[in-house]
Asks: 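This is the structure I want to talk about, given as structure tokens.
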Amino acid sequence: MTFSELSAIDAERFRAQVEAEGPRKLFELAEFLRADGVSLDQFDASIASLEPLWAWFMGFTRADFPGYPQTPSRVRNLFFFKAHGWHVPASPRR
């Protein structure tokens, strides 16, 4: 089943779950950034602040998500990315 095949009720449940997890996920992201020595001061919710976040994320993926637990959902997500032919460029980490 794809997301577009969800019923309106199931789609709303999914949206509500994602929204409810937002604060926890942002905290988790901040912890990963801090662990890599990244200053959070540069992230001000502007479009420009997405550039350093993306650069960090690309390095994080190339390093195979260090510190992120190997969970069934992570495996499922990685499979989804590979199934769609999405990959991380092999350039060095910043």
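In this chain, residues are counted from 1 in sequence order. Just so you know, these numbers come straight off a predicted model, no measurement behind them. Quick note: numbers below take in every heavy atom, side chains included, and nothing from hydrogens, waters or symmetry partners.
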Asks: Asp44: which residues meet the side chain to side chain contact (heavy atoms under 4.5 Å, CB included) condition with it, sequence neighbours left out?
Replies: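 Residues passing side chain to side chain contact (heavy atoms under 4.5 Å, CB included) with Asp44: Ser46, Ser49.
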Asks: Would you call the rings of Trp56 and Phe60 parallel, tilted or perpendicular, where under 30° means parallel and over 60° means perpendicular?
Replies: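 Plane angle under 30°, so parallel.
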Asks: Testing the basics here: between Ala63 and Pro66, what is the closest heavy-atom pair and its distance to 0.1 Å?
Replies: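 Of all heavy-atom pairs spanning Ala63 and Pro66, the closest is O-CD, 3.6 Å.
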Asks: Show which side-chain atoms of residues 19-33 pair as donor or acceptor with protein atoms under 3.5 Å away, not counting sequence neighbours.
Replies:
from	atom 1	to	atom 2	distance (Å)
Glu19	OE1	Arg15	NH1	2.2
Glu21	OE2	Gln17	NE2	3.3
Glu31	OE2	Arg34	NH1	2.7

Asks: Should the heavy atoms of other residues, nucleotides or ligands under 6.0 Å from CD1 of Ile9 be counted, would the total exceed 12?
Replies: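 Incorrect, the count does not exceed 12.
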